[in-house]
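Worksheet: one structure, shown below.
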Amino acid sequence: MAERREYEGLLDEDEDDDGVPRHLFPLCDPTHLLHRILVLVFMCFLGFGSYFCYDNPAALQTQVIQDMSLNTASFMQLYAWYSWPNVVLCFLGGFLLDRVFGIRLGTIIFSLFVLLGQVGEYTAVIVVCGLFSIGGESLAVAQNTYAVNWFKGKELNLVFGLQLSMARVGSTVNMNVIGWVYGRIEAMLGSTGHTTLGITLMIAASTCLFSLICALILGFLDRRAEKILHKEQGRTGEVIKLTDVKDFPVSLWLIFIICVAYYVAIFPFIGLGQVFFIENIVYIISAPASPLLGFMVDRTGRNILWVMLAVITTLLSHMMLAFTFWNPWIAMCLLGLSYSLLACALWPMVAFVVPEHQLGTAYGFMQSIQNLGLALMSMAAGSILDLKGYLFLEVFFIACLCCE
Ligand SMILES: NCCCC[C@H](N)C(=O)NCC(=O)O
């Protein structure tokens, strides 16, 4: 009780009982919804550049293969080199976030990696592609950690839905714009080639610079809120240890399994989509659907039930494509909705089963396992397509989903 009196004696008469300054404008008050919406805007734009540039190779496939004299195998290495480093380094990135850098500095560092990787992507292809990939995946870990820190117990599924929606907007904008940008530069220079490709990708890098600026602003707002709300005093003081991974609860390992078994039937499917509409329609549906479905999950709870429903409807989508001659738009629209539901119901579940000081490590480990699955299954899917065709590929995706 004595401490409380001393503490009250330190209270500025301009502060309320919780030590928050009384005369802050709502937009500047970290406890006000308007301020949290402001933080959420920058949180959503954190991943915009990473998601936008991640799809550069797919959106410029013809140009990249032509200008860099690549064959399909070496072209696909761009994606392989995105996933393979993250099998280990994404987990390490999450651990460094929890134990060394902290959320603010870690987010800025990973945003810088994404920018440097994108700017240098076609000078030392494989190396800086790895730099971009480490930044991209670890930045997603940081983004998820920020979301939980600011919105756990409030609108967490809606927030994840909004973050994923902005990510899908980045992918969709890239798919529909970057080819036009390349054409304009080709017209200006009068030829295709490395220079045209390089200038196009430098323009794409501006989205990563934008995300880095958002990371800096977000770091300022988070540090300011920590000071005003005296958050550091509420910390448990616990620190993550690498050996803590062996103590992760079974429920978290089940979330990891669901994540990898689901996403190997989504990203490789989109990447191998035979016609352009497959890549676009899933993302175009997911952009508006994710926040709406996230709001629904927030209101109803039952995340596990929604994840199960999403897996079942995704399974039905693939079975429609494999075993029926129905209009593929039906299956693709169903897939876009089920993918959105899965994404906004599954990712927040990590925050329900691990303490705050382990969040970055848990998300990092989850994406490491996801990237291991994606790297292996992407190669397997490519081989199955070459050797056995699309029916066997769909059966392969159905088998992966049945492992959930
Ligand atoms: N630059 C792409 C980041 C991917 C982040 C992560 N691996 C992921 O899968 N996020 C969920 C999603 O549905 O995109």
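If you're wondering where the values come from, they're calculated on a predicted model, not measured in any experiment. Quick note: numbers below take in every heavy atom, side chains included, and nothing from hydrogens, waters or symmetry partners. Whatever order the structure lists them in is the order used to number ligands and atoms, beginning at 1.
- Nearest protein heavy-atom contact of atom 4 (C) of ligand 1 is Glu137 OE2, 3.2 Å.
- Looking at Asn371 next to ligand 1, no N or O pair under 3.5 Å apart turns up.
- A distance-only check finds no donor-acceptor pair linking the side chain of Ser83 to the backbone of Leu374 [under 3.5 Å].
- Relative ring orientation between Phe267 and Tyr339 is described as perpendicular, the plane-to-plane angle rising above 60° on a 0-90° scale split at 30° and 60°.
- Ligand 1 is approached by Ser50 to a heavy-atom distance shorter than 4.0 Å.
- The pair Arg104-Glu226 meets the salt-bridge criterion, since a charged nitrogen lies less than 4.0 angstrom from a carboxylate oxygen.
- Contact annotation: for Gln163 versus ligand 1, there are no heavy atoms closer than 4.0 Å.
- Residue-ligand proximity, Arg168 to ligand 1, at heavy-atom distances under 4.0 Å covers atoms 12 (C), 13 (O), 14 (O).
- At distances below 3.5 Å, at least one donor-acceptor pair connects side-chain atoms of Asn371 with backbone N or O atoms of Gln367.
- Using a 30° and 60° split on the angle between ring planes, Phe95 and Phe91 fall in the tilted class, from 30° to 60°.
- With respect to atom 9 (O) of ligand 1, the closest heavy atom belonging to the protein is Gln370 NE2, 2.9 Å.
- Within the 4.0 Å heavy-atom criterion, neither part of Tyr283 lies near ligand 1.
- Nearest protein neighbour of atom 10 (N) of ligand 1, counting heavy atoms only, is Tyr51 OH, 3.2 Å.
- Polar contact check, Trp347 against ligand 1: no nitrogen or oxygen pair lies under 3.5 Å apart.
- Nearest protein neighbour of atom 13 (O) of ligand 1, counting heavy atoms only, is Tyr339 OH, 2.5 Å.
- Met349 approaches Ile304 most closely through the heavy-atom pair CE-CG1, 3.6 Å.
- Without hydrogens or angle criteria, Tyr363 side chain to Trp347 main chain gives a donor-acceptor distance under 3.5 Å.
- The 12-atom threshold is exceeded at CZ of Phe352, counting heavy atoms of other residues, nucleotides or ligands nearer than 6.0 Å.
- Residue Ala140 approaches ligand 1 through these ligand atoms, each under 4.0 Å from one of its heavy atoms: 5 (C).
- Using bins of under 30°, 30° to 60° and over 60° for the plane-to-plane angle, the ring pair Phe365/Phe248 lands in the perpendicular bin.
- When only non-hydrogen protein atoms are considered, atom 11 (C) of ligand 1 lies nearest to Tyr263 OH, 3.4 Å.
- In terms of protein heavy atoms, atom 2 (C) of ligand 1 is closest to Tyr82 OH, 3.4 Å.
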